[in-house]
Amino acid sequence: MLKKGFFYFGLVGIVAFMSSGFKNGKFEKYDWFHIDSNKITNYSLPSLENKDYINRKVPFTGNFFIGYKEAIAFRESQGKYRKINSIGYMGKYQFGAETLRTIGIYDSLTFLNDPRLQEKAFVALLSKNKWELRKEIEKYEGQIVGGVRVTESGLLAAAHLGGVGSVKRFLRSNGSRKCRDVNGTSVKSYMREFGGYETSGIKPKRKPKVK
């Protein structure tokens with residue numbers, strides 16, 4: 001028992017040492033990453049603008065899917081897999097337990113501690129939302145609704161934020177409905193912020209299940 005205590009104490013010390021060195025030596029010297037006075041991590045990338053990557057040691061993701069999912073992750077949780085917000089949404093992409101059940105995930109603790117499972121869950125939910133919004137994508141894509149150009153990636157991001165129903169209400173009201181999530185963030189803002197990314201590789205599925 002004593003040996004086990006020394007082991008865990010030593011492990012915590014090593015992790016703390018590595019974390020402090022990693023933060024100071026690897027990130028804080030870059031202008032795309034900083035920690036403010038409240039110890040909150042902030043990112044200015046990924047970005048859709050090529051000019052934002054000049055002389056920076058990060059790859060230009062453009063409108064590729066990798067940039068799309070990481071941009072959403074930073075917006076939702078600052079990219080933290082173990083993040084749980086004040087109302088219980090969890091993980092890198094901030095899933096609710098009820099949403100997880102719709103894609104076949106019933107163990108929230110396992111989900112929270114499994115990055116690979118979280119990435120699969122994000123794609124599965126996109127597939128589900130793409131199926132449920134297939135008619136809206138076909139009808140509205142390319143149009144201006146509520147001052148925002150409608151794109152597939154924007155609609156899917158908005159559905160991730162506020163649900164498919166909120167997106168449909170926003171479109172059918174021609175943008176007059178101010179559909180927001182519980183934190184007050186509007187689906188319109190997500191449609192604008194995450195529009196124009198490449199999501200054609202996401203296959204619409206009526207009932208996707210994560211294995």
Side-chain angles (χ1 to χ4, degrees), residues 46-48 61-77 79 85 87-106 108 111 116-211:
S47 168
L48 282 173
T61 58
N63 67 341
F64 293 116
F65 182 72
I66 179 67
Y68 177 68
K69 74 183 189 69
E70 292 305 321
I72 291 177
F74 288 144
R75 186 74 157 79
E76 291 286 315
S77 71
N85 73 6
I87 55 176
Y89 285 80
M90 66 193 89
K92 182 178 177 180
Y93 302 99
Q94 292 293 277
F95 279 83
E98 184 176 345
T99 299
L100 287 176
R101 286 193 288 270
T102 67
I103 55 175
I105 299 175
Y106 300 94
S108 296
F111 171 79
R116 183 175 295 183
L117 185 61
Q118 292 190 32
E119 299 296 341
K120 289 181 177 180
F122 179 67
V123 173
L125 184 59
L126 288 179
S127 296
K128 184 176 185 295
N129 289 340
K130 190 169 181 177
W131 169 267
E132 295 184 5
L133 289 170
R134 63 194 186 283
K135 294 180 181 178
E136 284 73 20
I137 292 171
E138 181 179 356
K139 179 178 179 180
Y140 291 98
E141 190 167 24
Q143 295 185 30
I144 304 296
V145 178
V148 179
R149 181 174 295 278
V150 178
T151 66
E152 179 180 289
S153 66
L155 290 178
L156 294 179
H160 183 83
L161 171 78
V164 168
S166 293
V167 173
K168 289 182 177 181
R169 287 191 292 274
F170 176 82
L171 293 173
R172 292 169 185 173
S173 69
N174 198 33
S176 63
R177 292 285 297 272
K178 308 301 181 184
C179 301
R180 303 177 184 274
D181 73 350
V182 294
N183 293 314
T185 306
S186 68
V187 298
K188 178 180 177 178
S189 68
Y190 263 48
M191 284 177 60
R192 178 185 292 114
E193 185 173 348
F194 301 110
Y197 284 92
E198 177 55 59
T199 54
S200 62
I202 299 297
K203 305 302 179 185
K205 296 181 181 179
R206 186 172 177 229
K207 294 182 178 181
K209 298 297 180 183
V210 179
K211 296 181 181 180

ask   = Which is it for F95 and I105 under the side-chain contact (heavy atoms from CB on, under 4.5 Å) test, yes or no, and what are the steps along the way?
value = CA-CA 11 Å; F95 279 83; I105 299 175; over 6 Å; no

Item to check | Derivation and outcome, side-chain contact (heavy atoms from CB on, under 4.5 Å), residues V167 and E136 | outcome: CA-CA 9 Å; V167 173; E136 284 73 20; 5.9 Å; no

Using the side-chain contact (heavy atoms from CB on, under 4.5 Å) rule, take F194 and L156 through it: C-alpha gap first, then chi angles, then the decisive distance, then the call.
CA-CA 9 Å; F194 301 110; L156 294 179; over 6 Å; no

CA sep, side-chain torsions, deciding dist, call: K168, E132, salt bridge (charged side-chain N to carboxylate O under 4.0 Å, His left out)
CA-CA 10 Å; K168 289 182 177 181; E132 295 184 5; 5.9 Å; no

Set out, in order, the CA-CA distance, both residues' side-chain angles and the distance that settles side-chain contact (heavy atoms from CB on, under 4.5 Å) for L126 and K69, then state yes or no. CA-CA 10 Å; L126 288 179; K69 74 183 189 69; over 6 Å; no

Can you check salt bridge (charged side-chain N to carboxylate O under 4.0 Å, His left out) on E70 and K92, steps first, answer last?
CA-CA 9 Å; E70 292 305 321; K92 182 178 177 180; 2.9 Å; yes

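Residues N129 and H160 come closest through the heavy atom pair ND2-N, 4.0 Å. Heavy-atom minimum distance, A157 versus I72: CB-CD1, 4.0 Å. Between A159 and L133 the shortest heavy-atom distance is CB-CD1, 3.9 Å. Residues E193 and R75 approach most closely at OE1-NE, 2.9 Å, considering heavy atoms. Of all heavy-atom pairs spanning K130 and T199, the tightest one is NZ-O, 3.3 Å. The nearest pair of heavy atoms linking M90 to A97 is CE-N, 4.4 Å.
Put simply, the side chain of E138 does not reach to within 4.5 Å of the side chain of K135, judged on heavy atoms.
Judged by distance alone, the side chain of R149 and the main-chain N or O of I144 form no donor-acceptor pair under 3.5 Å. A donor-acceptor pair under 3.5 Å is absent between the side-chain atoms of S77 and the main chain of Y93, judged by distance alone. Formation of a donor-acceptor pair under 3.5 Å by the R134 side chain with backbone atoms of W131 is found in this model. Distance alone, capped at 3.5 Å, places no donor-acceptor pair between the Y89 side chain and the E76 backbone. With hydrogens and angles ignored, the 3.5 Å screen pairs no side-chain donor or acceptor of Y190 with any backbone N or O of L161. Using modelled atom types, no side-chain atom of K128 and backbone atom of T102 make a donor-acceptor pair closer than 3.5 Å. Of the possible donor and acceptor atoms, one in the side chain of S127 sits under 3.5 Å from a partner among the backbone N and O of K203.
The distance from the CZ atom of F170 to the OH atom of Y140 is 10.5 Å, given to the nearest 0.5 Å. For the atom pair CD (E198) and CD1 (I66), the distance works out to 13.5 Å, reported to the nearest 0.5 Å. Taking OG of S176 as the start and CZ of R169 as the end, the distance is 12.0 Å to the nearest 0.5 Å.
Within a 6.0 Å radius of NZ in K209, other residues, nucleotides and ligands contribute more than 12 heavy atoms.
No donor-acceptor contact under 3.5 angstrom links the side chains of R192 and S189, judged on distance only.
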